Number of protein chains: 2
Amino acid sequence: MREATVGIDRLDGRIIVLLAREPRIGVLEMSRRLGVARGTVQARLDRLQSNGVVRGFGPQVDPAALGYPVTAFATLEIRQGQGRDVRAHLATVPEVLELHTTTGTGDMLCRLVARSNADLQRVIDRVVGFDGIVRAATAIVMENPVPLRIIPLVEQAAQDSEKTQT
Amino acid sequence: MREATVGIDRLDGRIIVLLAREPRIGVLEMSRRLGVARGTVQARLDRLQSNGVVRGFGPQVDPAALGYPVTAFATLEIRQGQGRDVRAHLATVPEVLELHTTTGTGDMLCRLVARSNADLQRVIDRVVGFDGIVRAATAIVMENPVPLRIIPLVEQAAQDSEKTQT
DNA sequence: CTTTCACCGGACAGGTTGCCCAGTGAAAAC
DNA sequence: GTTTTCACTGGGCAACCTGTCCGGTGAAAG
């Protein structure tokens, strides 16, 4: 299942961008706007999904609206050989939105949310209240000037593949 | 536009979870599986979206499949008063997937992707090649044991609101 | 020159959407 | 206690979209 970096062309890029801007749009409407046949859009979409370029269309839920307006990043230092256990532990904490193992200072980086700054303490306690975590450094998010985005990269990739061709 | 933390009940939670598991599902099919009337699901979904709980259904694109298999987090230290310019600068870099301003060590944290470790150098150069950025510390992601997720939190929130009631 | 392939334009049945409505039960307001 | 409010139900309707299949075309590859 090693996905071998599949390129996308301009049409693919436009499909993704269109989908990102108006997710509820249908294949037919897309084909109209892009000026291509419906079958083409359908085939491209199928390919993008089986390619793994487009993973899915899950709902984007705002933690703040759920009552978790505080976001933080925690850098964790792990005791040698405890990685597996720590990962399993963190996976059970709902407030842990994602977890990465990294190089550099610290061994893991995780994104947390909490109901308030006070509640963040509870979350952190739960996160680090586990053997194997030696130390944790937390950075609370104040502002989010660039929310998670992918479109600029998609456009970049679409352009690159064009240049590469011929 | 201050969204005032709206609670969700079990049905809302089930709708979101269902949508997350099978994004292409329609309102009618949802109503069948949840055992409620179609109009109810429709109304709930509308409410969740105008609530801001569900932001949308944009395509989830995998950077790796686009040719950007390397992810990294960079902690940036900013020169006093340069925040605005730095934000604007980083927003123009496609490889910057998100950017936060934080408390703690460093002033900003951003997520980067690159075509390779070597390419990461180019990205970092471009990111920090800007007046106002004093220092940058980069952590390369090796593994991603917990990919960005929201469902556990949704379930938590749905349960909480139940307990709160009565 | 022939094969291959992506795309086009069109067609079809079946399912779904958006919308509306009256009826019901329960909780809230009076 | 009575009335109002509100979410939900179950149903119906026209318009639309989806999945699917088809033959035809042009360009690129063999």
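These numbers come from a predicted model, not from an experiment. Order of the sequence lines sets the chain letters (A, B, ...), proteins ahead of strands, with each chain counted from 1.
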* Given side chains that start at C-beta, do those of B:Val96 and B:Leu112 come closer than 4.5 Å, heavy atoms only? -> yes

Rounded to whole Å, the CG-P distance (A:Asp12 to C:dA6) equals 12 Å

Checklist line | Distance-only side-chain donor-acceptor flag, B:Asp125 / B:Gln121, under 3.5 Å | finding: yes

A:Arg14 atom CZ is separated from C:dC7 atom C1', nearest whole Å, by 15 Å

Exercise. After noting the C-alpha distance and the side-chain angles of A:Arg122 and A:Glu95, does the key distance pass the salt bridge (Lys or Arg N to Asp or Glu O under 4.0 Å) rule?
Worked result: CA-CA 10 Å; A:Arg122 176 187 62 80; A:Glu95 287 91 350; 3.0 Å; yes

What I want to find out is whether B:Glu98 reaches A:Arg111 closely enough, with some N-O distance under 4.0 Å, to be called a salt bridge. yes

Table of protein N/O atoms under 3.5 Å from nucleotides 16-21 of chain C N/O atoms:
unit_1, atom_1, unit_2, atom_2, d
C:dT16, OP1, B:Arg32, NH2, 3.3
C:dT16, OP2, B:Arg32, NH2, 3.3
C:dT17, OP1, B:Val27, N, 2.8
C:dT17, OP2, B:Leu28, N, 3.0
C:dG18, OP2, B:Gln42, NE2, 3.2
C:dG18, N7, B:Arg38, NH1, 3.0
C:dG18, O6, B:Arg38, NH2, 2.8
C:dC19, N4, B:Arg38, NH2, 2.8

Output yes when at least one side-chain N/O atom of B:Arg44 is less than 4.0 Å from OP1 or OP2 of D:dA7, else no. no

- Query: Just by distance, do the side chain of A:His89 and the backbone of A:Val127 share a donor-acceptor pair under 3.5 Å?
  - Reply: yes

Rounded to whole Å, CZ of B:Arg10 lies from C1' of D:dC8 at a distance of 19 Å

Donor-acceptor contact below 3.5 Å, side chain A:Thr101 vs main chain B:Glu143 | yes

